[in-house]
Amino acid sequence: MVCKDASTGIELWIKREDEIHPVVSGNKFRKLKYNLLQAQKEGKTKLLTFGGAYSNHIAATAKAARLSGLQSIGIIRGDELAKNFSTVLQENSTLKFAHLNGMQFYFETRENYQNKYASSQLEKYKNLFGEVFVIPEGGTNALAIQGCKEILSNEDSKFDVICSSAGTGGTVAGLIEAASNHQEVIAFSALKGNFLKDEIKKWTSKTNWQLNTDFHLGGYAKVSEELIQFINSFYTTYQIPLDPIYTGKMLFGLFQLIKSGYFSENTRILAIHTGGLQGVESMNKKLQSQNKEIITFK
Ligand SMILES: *Cc1c(COP(=O)(O)O)cnc(C)c1O
């Protein structure tokens, strides 16, 4: 348990999925697990996946592939990155890490990236890299959801509410599928817009969940001074590091909901720490360049 509110009796617990592995952490490990097994079953030796230059999924795939003896190929959004690749490798800790773990990159124009699943694009990748096992951007597919169901264990049925950050919605879909009927899952969207609702519905027909879109702070990877201060004080108080893109926003939102009286007395809340800490370094570089307060875990 992380904390209990003295006046309302509301309890907050955090499941430390970030501690599964330093980099293949949290939900990205869960999402990759059955994909790696399937790739091996099909006799594929190469994984191919997609992501932005700071993607947790890219970092996790590179590491997981290496650990499983597979090769990995990352289709990265932004062909401008290819032009100064050596500088990018020095400055971008995500791509540097993936590169050191043997990931081969293909930098794609934004336009082509938008159409990455078009058959002509997939054909192109096949010609370039041969037979590959394709994992979608963010890692969400049926095998990923199967893996995310394993985040919850039997003893977690004692909780009333389960909270998680959501990007593509795959993780939350797994949680919804695994949750008991008396439990409610709250997905905190890391992105602007309401499209996630439909994405989640693609993977589950259960209805004991809701999407909260009030705490994306302007959109994906957008941060505020208040959020950074929250992450820093959260660490000082509870010694739990949060990332600024997913888990930080979820807990920032969750604390506001608790304060506003959103939950009834004695509600037991389980928040999933989905990892993402590899992204802190890049965010700090950006904040530093803007002369803003950075994230510190000390
Ligand atoms: C990718 C990611 C998410 C979002 O997971 P989805 O399955 O895409 O919704 C949440 N938290 C962290 C730390 C992530 O890296």
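Each ligand, and each atom within it, is numbered from 1 in the order the structure gives. FYI, the numbering just counts along the sequence from 1.
- A cation-pi arrangement, defined by a distance under 6.0 Å to the six-membered ring centre and an angle within 45 degrees of its axis, is present between Lys28 and Tyr246.
- Considering both main-chain and side-chain atoms, Ser165 never comes within under 3.5 Å of ligand 1 through any nitrogen or oxygen pair.
- Polar contact check, Lys28 against ligand 1: a nitrogen or oxygen pair lies under 3.5 Å apart.
- Scanning all protein heavy atoms for the shortest distance to atom 4 (C) of ligand 1 gives Gly167 N, 3.4 Å.
- Residue Asp243 has no N or O atom closer than 3.5 Å to an N or O atom of ligand 1.
- Under the 4.0 angstrom criterion for non-hydrogen atoms, Asn27 is in contact with ligand 1.
- Close approach of ligand 1 to Ala166 is summarised as follows: ligand atoms under 4.0 Å from at least one heavy atom of the residue are 9 (O).
- Contact annotation: Lys31 has at least one heavy atom less than 4.0 Å from an atom of ligand 1.
- Close contacts of ligand 1 with Gly276, meaning ligand atoms under 4.0 Å from a residue heavy atom, involve 13 (C).
- Using a 4.0 Å cutoff on heavy atoms, Gly26 does not count as a contact of ligand 1.
- Closest heavy-atom approach to atom 15 (O) of ligand 1 among the candidates Asn56, Thr140, Thr168: Asn56.
- A pairwise comparison of heavy atoms in Ala271 and Met250 identifies CB-CE, 4.0 Å as the closest pair.
- Closest to atom 11 (N) of ligand 1, if we only count protein heavy atoms, is Thr274 OG1, 2.6 Å.
- Close contacts between ligand 1 and Gly275 involve ligand atoms 13 (C) [criterion: under 4.0 Å to a heavy atom].
- Phe50 has its ring centre less than 6.0 Å from the ring centre of Tyr117.
- Side-chain N/O atoms of Gln256 and Tyr262 include no donor and acceptor closer than 3.5 Å.
- Between the side chains of Thr61 and Thr49, not a single donor N or O lies within less than 3.5 Å of an accepting N or O.
- Taking 4.0 Å as the cut-off between side-chain N and carboxylate O, Glu225 and Lys292 do not count as a salt-bridged pair.
- Residue Lys116 places its NZ atom among more than 12 non-hydrogen atoms of other residues, nucleotides or ligands, all under 6.0 Å distant.
- Ligand 1 has an N or O atom lying under 3.5 Å from an N or O atom of Gly169, backbone or side chain.
- Residues Thr140 and Lys31 have side chains that bring a donor and an acceptor to within less than 3.5 angstrom of each other.
- A salt bridge is absent between Lys96 and Glu91: the closest approach of a Lys/Arg side-chain nitrogen to an acidic carboxylate oxygen does not fall below 4.0 angstrom.
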